[in-house]
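The structure under discussion appears below in the form of structure tokens.
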Amino acid sequence: MNDIGAIGMKKAALSRPKRMPVECGDMPFLIRRDGTWLYCRSPIGRKELVCLFASVLKREADGSFWLETPGERGRIEVEDAPFVAVEVDWRGHGRDQVLSFRTNIDQIVTAGPDHPIRIAHDPITCAPTPYIKLRDGAGRFPIEARIARPVYYELAALAEPHDVNGERRLGVWSCGRFFPLGDSCADDDL
């Protein structure tokens with residue numbers, strides 16, 4: 001094929017309307033709070049398969065989770081966050097510290113402006129639950145990993161005091177940003 005024919009094919013491909021995936025409704029997937037993915041109430045044992053499904057996971061503006069391929073999409077149930085941060089690695093200290101997290105699907109994410117850490121609180125007990133943003137969703141709800149309790153304890157061991165809006169807070173630094181670990185219950189915004 002000559003260059004003119006190739007250019008014509010590229011233009012034709014660009015001018016085609018985007019194909020919308022077929023809506024499949026609710027799919028029999030559940031992601032448990034501990035990061036276990038289930039299909040038809042059975043755990044998906046192959047990590048490679050979980051990673052494949054995770055690569056097509058989307059979050060809508062209303063907070064719902066969907067598996068979406070170019071051909072079809074379906075809503076799935078997620079008990080808490082779809083992923084769990086199971087390990088933290090840190091370099092440096094203070095403002096120069098860098099915190100990198102590994103998720104249960106071996107995704108590495110470094111806390112910072114694009115991947116903030118947030119603390120939510122149980123509305124009854126005020127017990128903290130930490131999360132790290134992995135990627136954006138379609139609206140204000142991102143796709144996050146819940147930070148596992150042992151990893152949170154490691155963060156607590158790295159915590160240092162810092163003034164935030166005139167209040168002294170304990171927290172951690174990563175990529176030049178301070179993340180409080182001890183917000184009050186009233187500070188939850190998601």
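Side-chain contact between Glu23 and Trp66: present, with at least one pair of heavy atoms (C-beta onward) separated by less than 4.5 Å. In this structure the side chain of Pro130 never reaches within 4.5 angstrom of the side chain of Leu155, judged on heavy atoms. Looking at heavy atoms from C-beta onward, Val84 lies out of side-chain contact with Val151 at the 4.5 angstrom threshold. The side-chain heavy atoms of Leu49 and Tyr39, taken from C-beta on, include no pair separated by under 4.5 Å. Using a 4.5 Å heavy-atom threshold, the side chains of Leu158 and Val88 count as separate. At a threshold of 4.5 Å between non-hydrogen side-chain atoms, the residues Ser174 and Gln97 do not count as touching. By the 4.5 Å heavy-atom criterion applied to side chains, Glu68 and Val56 are not counted as neighbours. Residues Leu67 and Leu57 meet the side-chain proximity criterion, which asks for heavy atoms closer than 4.5 Å.
Within a 6.0 Å sphere centred on CD1 of Ile108, heavy atoms belonging to other residues, nucleotides or ligands number more than 12. Environment of CZ in Arg149: crowded, with over 12 heavy atoms of neighbouring residues, nucleotides or ligands closer than 6.0 Å.
Among pairs with a residue in residues 150-167, those fulfilling salt bridge (Lys or Arg N to Asp or Glu O under 4.0 Å) read Asp163-Arg168, Glu167-Arg169, at least two apart in sequence or across chains.
When hydrophobic residues (I, L, V, M, F, W, Y) are linked wherever their side-chain heavy atoms come within less than 4.5 Å, the members clustered with Val164 are Trp173, Phe178.
Atom-to-atom distance recorded for Asn104:CG and Phe83:CZ is 7.0 Å, nearest 0.5 angstrom. Glu87 contributes atom CD, which lies 10.5 Å from atom OG1 of Thr103 (distance to the nearest 0.5 angstrom). Interatomic distance, CG of Leu134 versus CZ of Arg59, reported as 11.0 Å (0.5 Å rounding). With rounding to the nearest 0.5 Å, the separation of CD1 in Ile132 from OG in Ser100 is 8.5 Å.
Using a 4.5 Å cut-off between side-chain heavy atoms of Ile, Leu, Val, Met, Phe, Trp and Tyr, with links allowed through other members, Val172 and Tyr131 fall into different hydrophobic clusters. Under the 4.5 Å side-chain heavy-atom criterion for Ile, Leu, Val, Met, Phe, Trp and Tyr, Val109 and Val98 are members of distinct hydrophobic clusters.
Of all heavy-atom pairs spanning Cys175 and Gly112, the tightest one is CB-CA, 4.1 Å. A pairwise comparison of heavy atoms in Ile105 and Ala54 identifies CD1-CB, 3.7 Å as the closest pair. For Cys126 against His121, the heavy-atom pair with the smallest separation is O-CD2, 3.1 Å. Shortest non-hydrogen contact noted between Ala61 and Ala138 is N-CB, 3.8 Å. Summarising the geometry of Pro82 relative to Val78, their closest heavy-atom pair is N-CG1, 3.7 Å, with the distance given to 0.1 Å. For the pair Phe179 and Pro116, the tightest heavy-atom approach, listed with the atom from each and the gap, is CE2-CA, 3.5 Å.
Aromatic ring orientation, Trp37 versus Phe29: perpendicular (interplanar angle above 60°, classes split at 30° and 60°).
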Notebook entry, point to check: Run the side chain to side chain contact (heavy atoms under 4.5 Å, CB included) check on Arg118 and Glu144 step by step: do they pass?
Noted result: CA-CA 10 Å; Arg118 76 172 177 96; Glu144 297 176 306; 2.8 Å; yes
Note to self: For Tyr152 and Ile117: C-alpha separation, side-chain torsions, deciding distance, then whether side chain to side chain contact (heavy atoms under 4.5 Å, CB included) applies.
What the structure shows: CA-CA 11 Å; Tyr152 183 58; Ile117 297 170; over 6 Å; no
Next item on the list: Tell me, with the steps shown, if Asp122 and Thr129 meet side chain to side chain contact (heavy atoms under 4.5 Å, CB included).
Entry: CA-CA 8 Å; Asp122 182 280; Thr129 304; 5.9 Å; no
Next item on the list: Show your working on side chain to side chain contact (heavy atoms under 4.5 Å, CB included) between Met27 and Glu72 and close with a plain yes or no.
Entry: CA-CA 11 Å; Met27 299 180 80; Glu72 41 186 36; 5.5 Å; no
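His115 contributes a side-chain N or O that, together with a main-chain N or O of Lys133, makes up a donor-acceptor pair within less than 3.5 Å. Side chain of Arg33 to backbone of Glu79: no donor-acceptor contact under 3.5 angstrom is found.
The residue from Thr36, Ile31, Ile44 that alone fulfils the side-chain contact (heavy atoms from CB on, under 4.5 Å) condition with Val50 is Ile44.
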